[in-house]
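Here the structure is a predicted model, which means the values were calculated and not measured. Numbering starts at 1 and runs along the sequence shown.
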Amino acid sequence: MIPSRPVSPRFHLLSWSAVALVLALAGCASPRHKAPVEDRGSQARASAPAPGGAAAGTTTAGSAPAAATEGSAKPPPPGIENAGKPGYYTVKPGDTLTRVALEHGQAWREIARWNGVENPNLIEVGQVLRVVPPQVDASAASTRPVSSGQVEARPLDGRAQAGGAAAAAGTASAPATAREGDEDIGFAWPASGPVLGAFEEGRSKGLAIGGKAGDAVLAAADGRVAYAGSGLRGYGNLVIVKHNNTYLTAYAHNQTLLVKEDQVVRRGQKIAEMGASDAERVQLHFEIRRQGKPVDPSKLLPAR
């Protein structure tokens, strides 16, 4: 048996130093938190240029990030490339095709056809509509002055008087001829009742003519029915007659409509019966519009 030798304090110190060194090296070899790892494939994808030269995920002027807009980008409104051009109109909140047509002196079916609108109930805010015929110089049409014109009253020939008497029973006087440039139309009173309200620029767009429910409402001039319905708020049961490329007339608050859209009507023909639809009392609201702009009917109708 070999007797054990005493261990010196210096040996103990060296031993503990060695153990500490081993533990430290082990800790470096197996860290508790992983170091960040670069996904070079992902980095390459992120930095690859998108179509058009912009990097994917970046934002260019006036555009959203590609990742946010892909599959969810809303297309621009139809016709936006024509915004601000003469002869075009940008749809605003609350607009309907009927109202746009009335404000521009057109039939809504024509505007729908010029713009390829398949469903007239589906027009969107910001959509740009052509409101003059394709064959018309839009800039000339938009700059043509609007005026009430001069009225020249003249007697009708015998044939016209005979026809008018048969078709326009209930009218109070003979038609007059409105002369404005190349447009000559003879307007007659659409009802025989008293005038309850006058035209007032910016407030009342036409005349309010009194009467009883069921009284005849007559076409003021020859034309074609551009609208017959109740889809225009504030007008009730409404008839709009287009007389030519310049003039149309509107007959509102009717009790009954007697004509259909696209029907040809003659001056003095009964087209509706007076009523109080969308109004506080029985009356006919009558408008004459020149190129879509309301003008004072009393200046284009014959004196009573």
Using a 3.5 Å distance criterion without hydrogens, assess whether the side chain of Asn115 forms a donor-acceptor pair with backbone atoms of Ile111.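 Indeed, once roles are kept as given, a pair shorter than 3.5 Å links the two residues.
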Are any side-chain N or O atoms of Asp278 and backbone N or O atoms of Gly234, one a donor and one an acceptor, separated by less than 3.5 Å?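 Yes.
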For [X] and [Y], which heavy atoms make the closest approach, and how far apart are they?
| X | Y | result |
| --- | --- | --- |
| Gly105 | Leu248 | CA-CD2, 3.3 Å |
| Asp95 | Lys92 | OD2-N, 2.8 Å |
| Gly186 | Ala221 | O-CB, 3.7 Å |
| Ala276 | Val282 | CB-N, 3.8 Å |
| Ala191 | Ile209 | CB-CG2, 3.9 Å |
| Arg266 | Ala219 | O-CB, 3.5 Å |

Beyond-backbone contact of [X] with [Y], side-chain heavy atoms, under 4.5 angstrom:
| X | Y | result |
| --- | --- | --- |
| Val241 | Val265 | yes |
| Trp189 | Leu207 | yes |
| Phe199 | Val295 | no |
| Leu129 | Tyr88 | no |
| Asn119 | Val117 | no |
| Asn82 | Arg130 | no |
| Arg281 | Leu196 | yes |
| Pro78 | Glu124 | yes |

Mind checking the [atom1]-[atom2] spacing from [X] to [Y]? Nearest 0.5 Å is all I need.
| X | Y | atom1 | atom2 | value |
| --- | --- | --- | --- | --- |
| Arg267 | Ile185 | CZ | CD1 | 10.5 Å |
| Arg304 | Ser192 | CZ | OG | 7.0 Å |
| Leu97 | Gln106 | CG | CD | 11.0 Å |
| Met274 | Asn237 | CE | CG | 13.5 Å |
| Leu258 | Gln269 | CG | CD | 9.0 Å |
| Ser298 | Ile288 | OG | CD1 | 9.0 Å |

Set of residues satisfying side chain to side chain contact (heavy atoms under 4.5 Å, CB included) with respect to Glu261, sequence neighbours excluded: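 Counting only residues at least two positions away or on another chain, Glu261 forms a side chain to side chain contact (heavy atoms under 4.5 Å, CB included) with Trp108, Arg109, Tyr227, Ala228.
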Might you confirm whether atom CD of Glu200 has over 12 heavy atoms from other residues, nucleotides or ligands at distances under 6.0 Å?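 Counting other residues, nucleotides and ligands, CD of Glu200 exceeds 12 neighbours.
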Look at atom CD of Glu280 and say whether more than 12 heavy atoms of other residues, nucleotides or ligands are closer to it than 6.0 Å.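 Atom CD in Glu280 is not packed in, count stays at 12 or less.
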Polar contact flag, side-chain donor to acceptor under 3.5 angstrom, Tyr251-Thr249: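 Per modelled atom types, Tyr251 and Thr249 side chains form a pair under 3.5 Å.
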Strictly by modelled atom types, are Glu287 and His285 linked by a side-chain donor-acceptor pair under 3.5 Å?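 Note: Glu287 and His285 side chains meet the donor-acceptor criterion.
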Applying side chain to side chain contact (heavy atoms under 4.5 Å, CB included) to Phe286 and Leu301, what does each step give before you reach the verdict? CA-CA 11 Å; Phe286 175 66; Leu301 292 169; 4.1 Å; yes
Derivation of the side chain to side chain contact (heavy atoms under 4.5 Å, CB included) call for Leu238 and Asn254: CA-CA 7 Å; Leu238 171 68; Asn254 300 290; 5.6 Å; no
Before you tell me yes or no, could you show the steps for Tyr235 and His253 under ring-ring contact (aromatic ring centres under 6.0 Å, His included), namely the whole-Å CA-CA distance, both residues' side-chain angles and the distance that decides it to 0.1 Å? CA-CA 6 Å; Tyr235 284 81; His253 305 312; 7.1 Å; no
Show the numbers, then the answer: is there a salt bridge (charged side-chain N to carboxylate O under 4.0 Å, His left out) between Asp215 and Lys212? CA-CA 6 Å; Asp215 281 357; Lys212 301 184 302 295; 3.7 Å; yes
Do you reckon Tyr89 sits in the same ILVMFWY cluster as Trp114, going by side-chain contacts under 4.5 Å, direct or chained?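 Yes; Trp114 is reachable from Tyr89 via cluster members.
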Could you state whether Val195 and Leu284 fall into the same hydrophobic cluster, counting links through intermediate Ile, Leu, Val, Met, Phe, Trp or Tyr residues with side-chain heavy atoms under 4.5 angstrom apart?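 Same hydrophobic cluster.
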Salt-bridge test for Lys242 and Glu110: reply yes if a basic N is under 4.0 Å from a carboxylate O, no otherwise.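 Salt bridge: yes.
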Is any NZ, NE, NH1 or NH2 atom of the basic residue among Lys293 and Glu103 found under 4.0 Å from an Asp or Glu carboxylate oxygen of the other?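 No salt bridge links Lys293 with Glu103.
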Between His243 and Phe187, how do the two ring planes meet: parallel, tilted or perpendicular, split at 30° and 60°?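 Geometry flag for Phe187 against His243: perpendicular rings.
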I'd like to know whether Leu102 forms a side chain to side chain contact (heavy atoms under 4.5 Å, CB included) with Val100, so could you lay out the CA-CA distance, the side-chain angles of the two residues, the decisive distance to 0.1 Å, and finally the verdict. CA-CA 6 Å; Leu102 177 63; Val100 172; over 6 Å; no
CA sep, side-chain torsions, deciding dist, call: Leu218, Ile271, side chain to side chain contact (heavy atoms under 4.5 Å, CB included): CA-CA 6 Å; Leu218 313 173; Ile271 58 176; over 6 Å; no
